Amino acid sequence: MDDVKVHYNSDKPAQMKAHVYAHGTGIDVAPYFVDTLIFVHSFCCAIFKTQNLK
């Protein structure tokens, strides 16, 4: 989990028409994002990717 980096107030999610954008070991969170469930889901996806789990 030390590899996962969260970037708050990012414009990348808006480019993807999303609230959160997970890529590799990074998570970009849109400035207006509040919904915790979607954030947790994206965080878990990033963790699985670092562990090479599917």
Side-chain angles (χ1 to χ4, degrees):
M1 280 184 49
D2 294 334
D3 295 345
V4 177
K5 304 290 183 220
V6 179
H7 308 279
Y8 296 97
N9 298 316
S10 174
D11 63 343
K12 287 185 182 179
Q15 295 170 3
M16 304 300 288
K17 297 183 180 173
H19 300 291
V20 176
Y21 175 64
H23 53 94
T25 59
I27 300 173
D28 288 89
V29 181
Y32 54 83
F33 182 68
V34 181
D35 189 343
T36 306
L37 293 176
I38 296 174
F39 175 79
V40 170
H41 178 286
S42 298
F43 185 74
C44 290
C45 288
I47 291 171
F48 287 134
K49 287 180 183 179
T50 63
Q51 300 297 317
N52 292 325
L53 300 174
K54 295 183 181 181

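Worth knowing before you read on, the calculation uses all heavy atoms, side chains too, and leaves out hydrogens, waters and symmetry mates. Numbers for residues simply follow the sequence, beginning at 1. Worth saying up front: this structure is predicted, and the values here are computed from it rather than measured.
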Which residues pass the side chain to side chain contact (heavy atoms under 4.5 Å, CB included) test with Cys45, not counting sequence neighbours?
His41

same_hphob_cluster(Tyr8, Ile47) at 4.5 Å side-chain heavy-atom cutoff
yes

With sequence neighbours left out, write down each residue that passes ring-ring contact (aromatic ring centres under 6.0 Å, His included) with His23, or none if nothing qualifies.
Tyr21

Kindly indicate, with the supporting measurements, whether the criterion side-chain contact (heavy atoms from CB on, under 4.5 Å) is fulfilled by Asn9 and Val29.
CA-CA 6 Å; Asn9 298 316; Val29 181; over 6 Å; no

Just by distance, no angles: are the side chains of Asp3 and Thr25 close enough, under 3.5 Å, to form a donor-acceptor pair?
no

Closest approach of Pro13 and Ser10, non-hydrogen atoms and distance?
CD-O, 3.5 Å

Nearest atoms (heavy-atom pairs only) where Val4 meets Phe43
CG1-CE1, 3.8 Å

How long is the span from the CD atom in Gln15 to the CG atom in Asp28, to the nearest 0.5 Å?
9.0 Å

